[in-house]
Amino acid sequence: MTKLSYLHEPGVLQNLATRYELNEIYTYTGNILIAINPFQRLPHLYDTHMMEQYKGAALGELSPHVFAIADVAYRAMVNEGKSNSILVSGESGAGKTETTKMIMRYLAYLGGRSGVEGRTVEQQVLESNPVLEAFGNAKTVRNNNSSRFGKFVEIQFDKSGRISGAAIRTYLLERSRVCQISDPERNYHCFYLLCAAPPEEREKYKLGSPESFHYLNQSKCYKLDGVSDAEEYLATRRAMDIVGISEEEQEAIFKVVAAILHLGNIEFAKGKEIDSSVIKDDKSRFHLNTTAELLRCDPKSLEDALIRRVMVTPEEVITRTLDPEAALGSRDALAKTTYSRLFDWIVEKINISIGQDPNSKAIIGVLDIYGFESFNFEQFCINFTNEKLQQHFNQHVFKMEQEDYEKEQINWSYIEFVDNQDVLDLIEKKPGGIIALLDEACFHTFVCGSMFPKSTHETFAQKLYQTFAKNNRFIKPKLSRTNFTISHYAGEVTYMADLFLDKNKDYVVIEHQDLLTASKCSFVAGLFPALPEESSKSSKFSSIGSRFKLQLQSLMETLNSTEPHYIRCVKPNNVLKPFIFENVNIIQQLRCGGVLEAIRISCAGYPTRRTFDEFLLRFGVLAPEVLDGNSDDKTVCQMILEKMGLKDYQLGKTKVFLRAGQMAELDARRAEVLGNAARMIQRQIRTYIARKDFILLRQAAIQLQSCWRGISACKLYEQLRREAAAVKIQKNFRCYTAQFAYLTLQNSAIMLQSGMRAMTARNEFRFKKQTKAAIKIQANLRCHREYSYYRSLQKAAIVTQCGWRQRVARKELRKLKMAAKETGALKQAKDKLEKKVEELTWRLQFEKRLRTELEETKAQEIAKLQEALHSMQIQVEDANTRVIKEREAARKAIEEAPPVVKETPVVVQDTEKIDALTAEVESLKGLLLSEKEASEEAKKAFADAETRNKDLTKNFEEARGKVDQLQDSVQRLEEKLSNLESENQVLRQQALTMSPTGKSISARPRTTIVQRIPENGNIINGETKPAHDAALVVASPKDPESEEKPQKSLNEKQQENQDLLIKCISQDLGFSGGKPVAACVIYKSLLHWRSFEVERTSVFDRIIQTVASAIEVPDNNDVLAYWLCNTSTLLMLLQHTLKASGAASLTPQRRRSSSASLFGRMSQGLRASPQSSGLSFLNGRMLGRLDDLRQVEAKYPALLFKQQLTAFLEKMYGMIRDNLKKEISPLLGLCIQAPRTSRSSLVKGRSQANAVAQQALIAHWQSIVENLNNYLKIMKANYVIHQKPKKTLDEITKELCPVLSIQQLYRISTMYWDDKYGTHSVSSDVISRMRVMMTEESNNAVSSSFLLDDDSSIPFTVDDLSKSTQQVVVADVEPPPLIRDNSGFVFLHQRSD
């Protein structure tokens, strides 16, 4: 770059950027090589072919390359016999380590030879890099493989230029990284490699993942992108083999590394005594024992060494315990000391294995050290080294310039350059330098111990502030009490003095020394050799700063004795990606590396220099006339420069020396002359080319015109010829087309005529055939119509006769039954009850078996539901965990927000500082505003995080709701599936029922068919009776139906729903709006489950059994009335819902039987019309919209269920009737005896006894009335009775009271008044008609008695009373709480519109 026309920072930067885009990563600045890290593999730059090209090539002959610098150093060493050194510098991530590897590869290529036992020295030198990288490199923020130590490699050569030995010197390993790392950095590579070792080795060392160790899990970065730790571990073991480390030594090395990891997991807790500590828990105890096992020392001794200290005084030896914090410091100190000794041993072992040649002729040293950074003590020492190297660099560059000027014998003056000697004095000067003050503070702390106040980082910082208050290179930060800033040559660097004292201490704790010296492992004991007797009693003070200063002094002496060569490595970007060139970052690195300073030194003198031949060859065109003379080159060059008017140039013996910018001026003049000459040449050439093109174009146009005219004539002739041929072809084609069309038309006409004639003939034949068939159909239809009319007349006559005879027979039967006694009816009822008890006993056993099966099925379903619930709970817990993590992330974002910088008040002491302080206050205000903006951004980020958290919570709640909805949907789908299976079963049964074979009907209950004589229509066999009772037909095990296997339930869910329904109706559900809840729930459930349409089901028997168990207490009228209402309501709903099928028509009908009591007649009325809707008067209300109920074709179990309900209804009426008779029969007997006593007392003339009898009679009647009122209240509370309807005269005389005469009916109707409704019991029209009939029958009356007969029965039917009931909607009944929330009874929530 010294040959650039414009040698300044923009020009240098542009040149580097242009070359970087072309993958030219190397550039010269004089003898300095600038290497830009490409962040990608460029194998073509480093192969053997490239080494062959640069071997022996002069510097600058080929493209810039690291091989060229190495070759120059090697040639200078061989030719001059002087040692050389190559200084590789740059910041972390710039590629220094890789550049060093390339240099050693090239030097090994030039001077390689075979070593002992098959290993070459150059191979050992190259393979030492992986070992040193594994134990000395780590990932930092800027670099994934950053060297955390300085390294100077000495490659020794013999007289013939062959490598005869090598040595590696290391400087300042970063020991603090062993115990403390920050995110996202990593610890040293060897820890992670050992954790990725094969399983058998990890088990041997008792290691796990890196996350389980305290020294590694302080950062969340455990792996490097594109790097396999397991493969690197194996490569490191191979490299250790090559450099001569035996298997036993490798085993011992990794045991020490594993012991350090386990040592970091030992934690301490407060002991019982003050300022004491003990092992925290069993886990820490395990790691303590493991560490002792790996180091082969006593666990108790290790514990004592960590938590106890021995102080030797002239009087006695004092043992004191450490508090937990001090114990942790002792643990970390042992880890750092052990790792540092291990690293030094590895370096020494590599040097011994490689072998050093004490008789070597010369050496080539390669220095690899990291560049300027901030903050810690180790970097302070490295920056001190860089200052030394920069001073060496400045002196070397200035010396080269001076030698070049003296060689050419030109007049020159002294060139000023930045001298950093004052910075070096600030750091290393005795006794007032920073290192001296640091050693003094550490020594004070070491000597005083616990008897006197110790020096702290704050006292050390205050000492620095006081000592260097007037030093221009030392700056005290405004807002810190411990930080300090040094103005290095590369810029200002701020250091934190918090850990300077701790990191500067280099002495070993005596307890640690004694512990590891006594180790049974020879390797560990070798790391800690026994101290001399006088030093074993007490620790001697030593510091890292002093030791490093001595090492640096030795290094500088070595460099001063060699010929230096400089390589400046540059990192193009901070993201470590290729093809990204950051100008600001690179220019800063060039300044820090001294490259721009070297350019400035060159520019201050004569940066541009050319030999006379090169100058004349380039700039001779500026004065061509002077080249024709016989003058020498120096004179010609001077004449050209004078003609151009340049000044301040110098002419040496062989070169022309130009000031900065003069080369650019000469290039501009040269470009102008060359441009004028080029334009003249272009003008002449363009004239010649244009004339030549015109002549060629004219000749081509003439030739083209002649050819085109010939082609046009040929085309015209061809067109005329084609037209003549086309006319001839058209004539022949049209003739052929006309002939073909005529023939086609002729054939079509003939074919159409034949088709029409055939169609006409077919139509005539079809008409005759249809006429004949119609006549035949009419004859049959008229015959059938007349025959049907005859059969209908015959059937009507028979029906009329049967009806009249039935009415006559019914009247006769009624009279016979009225004459019968009550005991006969009771005996029949008792026999019937005994039969039903036997039937119910058998059903109870059957239901118990079914219930056992249902409970097992239900238990399995509950287990499945619990498993599903458990899986859902796990998903909910995962969602809650994600929400908690989001909240923790938001909280961490708030905590990591930068604090607001507060303005520090400054006391103005004099007028001269007002302006400076005002400016500083303004800058602080600007910083405050920027920090406030940062705080606001952090708050916004926190608000966004909270918003996202709320959104996640909301999404979680929505997801939970969707899960619940999906569960409900799944349950509904299961119910729909069961319904579909039920419908499918019903359709199959209907198909079997409708089959022409009639086999399915034969299995239903049969009745005896009535046979009549056609002549008179009389019944031969009398009334039909069922062969068996309906209930017994189902229950009998010998019946054909019972031999079939019972149909299994559709699914387990159906059984659970049935169990829940039975459990629900067994409770007293009460009434909802005057409607019995139990009846409505049973009806809707059976209708929804389609139980009426199946051939076999057990739900009807279970409902009947529940009702039977509820009415086992005959004296409880409330329970009887409650179930009376529910049973009658359910029976009426079934009557309106069930549609008679084939089996229904064969259901036996009950006959009405006469009874002497009121309730007996009511039950007879029920039996007389089981197909009617008259049962609804029992519950006091009419279930409205019955006409809208869906008609269902009932199967036999449904019809049997209906008959059983009818029987229970009669039974409950009989029980209520018997209870009423038991209560009022004694009272009625007393009432009957009272008139006789009254008549006897009148005969004897006892008026006083008459009054007493009269009062007793009244009391009896009042008791009867009270009993009746109680019964009426019970009936009304259970909605059994309602407003009675008014009967017509025909209904009273024929149905209700057929035995009473008109006079008796008239007296009853006019004698009583309905106090509740304020009306007569019958209407006025009926009473008026009774009067007319009484007058008409007065002449024919047999008896005019108005007294009632003893058998005053009132026979009426349920149809008469059901007409006056109110309407009720079944869907409006609220389901009971037990099944309200159950998914299997969702259909109960449906409402009517």
Side-chain angles (χ1 to χ4, degrees), residues 1-4 7 12 15-16 19 22 24-36 45-47 49-90 95 99-100 102-111 155 157 161 362-367 392-393 395-408 559 562-570 590 593-595 598-599 601-602 605-611 613-615 652 654-657 663:
M1 285 193 294
T2 57
K3 297 181 180 181
L4 293 176
L7 195 58
V12 171
N15 182 44
L16 293 176
R19 294 178 63 82
L22 302 175
E24 296 289 340
I25 62 174
Y26 296 111
T27 307
Y28 290 138
T29 300
N31 292 333
I32 303 171
L33 178 66
I34 299 176
I36 302 178
L45 291 180
Y46 309 106
D47 54 7
H49 174 70
M50 189 66 67
M51 293 181 183
E52 284 288 343
Q53 287 184 344
Y54 281 93
K55 183 177 181 181
L59 184 67
E61 180 179 347
L62 299 177
S63 298
H65 202 284
V66 66
F67 292 163
I69 299 296
D71 189 79
V72 168
Y74 180 78
R75 299 301 167 190
M77 180 199 67
V78 173
N79 297 331
E80 300 177 5
K82 184 180 180 181
S83 299
N84 285 255
S85 61
I86 301 175
L87 280 67
V88 182
S89 63
T99 303
T100 304
M102 296 301 133
I103 293 173
M104 288 192 292
R105 276 187 57 199
Y106 187 77
L107 293 177
Y109 171 76
L110 293 177
I155 302 178
F157 296 86
I363 66 169
I364 294 180
V366 182
L367 178 64
H392 180 269
F393 172 76
Q395 294 175 355
H396 178 71
V397 171
F398 180 73
K399 183 179 179 181
M400 287 192 301
E401 289 284 331
Q402 183 181 1
E403 289 178 353
D404 199 5
Y405 293 161
E406 291 178 353
K407 181 180 178 181
E408 292 294 328
L559 294 179
T562 61
E563 182 68 22
H565 303 272
Y566 297 96
I567 298 177
R568 295 297 191 234
C569 296
V570 179
L590 294 177
V595 177
I599 295 173
I601 293 174
S602 298
Y606 298 95
T608 307
R609 60 203 72 179
R610 295 285 187 275
T611 62
D613 294 337
E614 292 176 354
F615 186 82
T654 61
K655 295 180 182 179
V656 177
F657 292 85
M663 179 64 75

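Numbers for residues simply follow the sequence, beginning at 1.
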Subject >> Inter-residue atom distance Glu61.CD - Gln53.CD, 0.5 Å rounding >> reply: 10.5 Å

Subject >> Side chain Arg75, main chain Ala58, donor-acceptor under 3.5 Å >> reply: no

Subject >> Considering all heavy atoms, the nearest Arg568-Leu87 contact >> reply: NH1-O, 4.5 Å

Subject >> Shortest non-hydrogen separation from Thr562 to Pro564 and the atoms involved >> reply: O-CD, 3.4 Å

Subject >> Gap between atom CD1 of Ile69 and atom CE of Met102 - 0.5 Å precision >> reply: 16.0 Å

Subject >> side chain to side chain contact (heavy atoms under 4.5 Å, CB included) between Ser63 and Tyr54, intermediate numbers included >> reply: CA-CA 9 Å; Ser63 298; Tyr54 281 93; 3.8 Å; yes

Original post:
Can you name the closest pair of heavy atoms from Arg19 and Thr27 and give their distance?
Top reply: NE-OG1, 3.1 Å

**OP:** Indicate yes or no: at least one non-hydrogen side-chain atom of Thr611 is less than 4.5 angstrom from one of Phe615.
**Re:** no

**OP:** Verify whether the ring centers belonging to His65 and Tyr28 lie closer than 6.0 Å.
**Re:** no

**OP:** Kindly determine whether Asp71 and Tyr106 satisfy side chain to side chain contact (heavy atoms under 4.5 Å, CB included), including the steps that lead there.
**Re:** CA-CA 8 Å; Asp71 189 79; Tyr106 187 77; 2.9 Å; yes

Original post:
In Å and rounded to the nearest 0.5 Å, what is the CE to OH distance from Met51 to Tyr46?
Top reply: 10.5 Å

**OP:** Before giving the answer on side chain to side chain contact (heavy atoms under 4.5 Å, CB included), spell out for Leu367 and Thr100 the whole-Å C-alpha distance, their side-chain angles and the decisive distance to 0.1 Å.
**Re:** CA-CA 8 Å; Leu367 178 64; Thr100 304; over 6 Å; no

**OP:** Please step through side chain to side chain donor-acceptor pair (under 3.5 Å) for the pair Ser85 and Glu563, ending with a clear verdict.
**Re:** CA-CA 6 Å; Ser85 61; Glu563 182 68 22; over 6 Å; no

**OP:** Working to the nearest 0.5 Å, report the span between CD1 of Ile34 and CG of Leu590.
**Re:** 5.5 Å

**OP:** Check the angle between the aromatic planes of His392 and Tyr566 and answer parallel, tilted or perpendicular using the 30° and 60° thresholds.
**Re:** tilted

Subject >> Heavy-atom check, side chain of Ser89 versus side chain of Ile567, under 4.5 Å >> reply: no

Original post:
Measuring from Leu59:CG to His565:NE2, what's the distance to the nearest 0.5 Å?
Top reply: 9.5 Å

Original post:
Would you find a donor on one side and an acceptor on the other, under 3.5 Å apart, between the side chain of Asn84 and the backbone of Lys82?
Top reply: yes

Original post:
Would Ile363 and Ile155 count as a side chain to side chain contact (heavy atoms under 4.5 Å, CB included) if you check the C-alpha gap in whole Å, the side-chain angles of each, and the deciding distance to 0.1 Å?
Top reply: CA-CA 5 Å; Ile363 66 169; Ile155 302 178; over 6 Å; no

Original post:
How long is the gap from OG1 on Thr654 to CD on Glu614, to the nearest 0.5 Å?
Top reply: 10.0 Å

Subject >> From CA spacing to verdict: ring-ring contact (aromatic ring centres under 6.0 Å, His included), Phe67, Tyr109 >> reply: CA-CA 11 Å; Phe67 292 163; Tyr109 171 76; 8.5 Å; no

Original post:
What pair of heavy atoms forms the shortest contact from Tyr26 to Pro64, and how long is it?
Top reply: CB-O, 3.2 Å

